[in-house]
Amino acid sequence: MIANRQMRDRFLVAIVILGAICLICVVYLLLPANRNTAQKDQAIQGARAALRAEEVQALPLRGLDQKLATSKQDIAGFYNSRLPDRYSAISQTLNDLATKNNVKLSGVTYKSQATDLEDVQQVAMRVTLTGEYGNVMRYIDAVDHAKIFFLLENVGVTSQQSGNIQLQLTLSTYLRGGAAAGTAPTA
């Protein structure tokens, strides 16, 4: 029996020693000083940098629905204030500017084309303009600043004599109402 008791005591001591070793191992693994914090810190900083990059990339999209509504209102305002709805408004503006700037218009031709925009057609014009150089330049500037939206596409000198200059202008604008606006006038 003494042998059994000694054996039991030895097993008990071995179990206690093994339990203590296991407990020390668990404590060792749970201690933060023994973890690989450098790699984890790098991973966290990388994730933060990726988050900042995504936030910067998404920043222009914030409030997009409001920006879109504002853009639609701005486009409608531009169409209503700067695009004519009749050919007569185009020719009236060109003639009024010519009168105000003491130049003579002749050979005005209009050509309309469909556009990709709904209810908008492009109107291309060729105009022969005659007058003194200063008046012609003021007319071109006045067309550029007119209430109606004009694009000056080309300017060509046809003749120059005794202080007067003759230019061939190619202009374009857009007409609201598409095909319902009527046909192009003849000059």
Original post:
Just how far is it from atom SG of C25 to atom CG of L18, taken to the nearest 0.5 Å?
Top reply: 10.5 Å
Subject >> Qualifying ring pair (Phe, Tyr, Trp, His ring centres under 6.0 Å) pairs with a residue from residues 53-86, counting only residues at least two apart or across chains >> reply: F78-F149
Give every donor-acceptor pair under 3.5 Å between a side-chain atom in residues 45-52 and any protein atom, sequence neighbours left out.
none

**OP:** Could you tell me whether the side chain of V108 reaches within less than 4.5 Å of the side chain of S91, counting heavy atoms only?
**Re:** no
**OP:** State the CG-OG1 distance between D96 and T93, to the nearest 0.5 angstrom.
**Re:** 6.5 Å
**OP:** Compare every heavy atom of A146 with every heavy atom of R82, then report the nearest pair and how far apart it is.
**Re:** NH2-O, 3.4 Å
Subject >> Sole candidate of L171, T170, L169 that passes side chain to side chain contact (heavy atoms under 4.5 Å, CB included) when paired with V155 >> reply: L169
Original post:
With V56, which residues qualify under side-chain contact (heavy atoms from CB on, under 4.5 Å), at least two apart?
Top reply: none
Subject >> Nearest-0.5 Å distance that lies between atom CG in L64 and atom CD in Q66 >> reply: 9.5 Å
**OP:** Give me the one residue out of V120, I90, T115, I148 that meets side chain to side chain contact (heavy atoms under 4.5 Å, CB included) with L175.
**Re:** I90
**OP:** Look at atom NZ of K67 and say whether more than 12 heavy atoms of other residues, nucleotides or ligands are closer to it than 6.0 Å.
**Re:** yes
When the side chains of residues 124-145 are checked against the rest of the protein, which donor-acceptor pairs come out under 3.5 Å, sequence neighbours left out?
residue, atom, partner, partner atom, Å
T128, OG1, Q168, OE1, 3.1
N135, OD1, R138, NH2, 2.6
Y139, OH, L94, O, 3.3
D141, OD1, H145, ND1, 3.2
H145, ND1, D141, O, 2.9

Original post:
Do you reckon L152 sits in the same ILVMFWY cluster as V157, going by side-chain contacts under 4.5 Å, direct or chained?
Top reply: yes
**OP:** Verify the neighbour count for atom CD of Q113: are there more than 12 heavy atoms of other residues, nucleotides or ligands below 6.0 Å?
**Re:** yes
**OP:** Kindly compute the distance separating CD (Q166) from NZ (K104), expressed to the nearest 0.5 Å.
**Re:** 9.0 Å
Subject >> OG1 on T173 to CD on Q121, rounded to 0.5 Å >> reply: 11.0 Å
Original post:
Stepwise, does the side-chain contact (heavy atoms from CB on, under 4.5 Å) test hold for L117 with Y174?
Top reply: CA-CA 10 Å; L117 303 172; Y174 294 88; 5.6 Å; no
**OP:** Using side chain to side chain donor-acceptor pair (under 3.5 Å) as the criterion, list what pairs up with N164, not counting sequence neighbours.
**Re:** none
**OP:** Give a yes or no answer on whether the side chain of S112 reaches the backbone of V123 with a donor-acceptor pair at less than 3.5 Å.
**Re:** no
Original post:
With sequence neighbours left out, what residues match L59 under side-chain contact (heavy atoms from CB on, under 4.5 Å)?
Top reply: R62
**OP:** Could you pull out all residues at least two apart from S172 that satisfy side-chain contact (heavy atoms from CB on, under 4.5 Å)?
**Re:** Q122, L151, E153
Subject >> Residues that, via side-chain heavy atoms closer than 4.5 angstrom, fall in one hydrophobic cluster with I21 >> reply: V13, I17
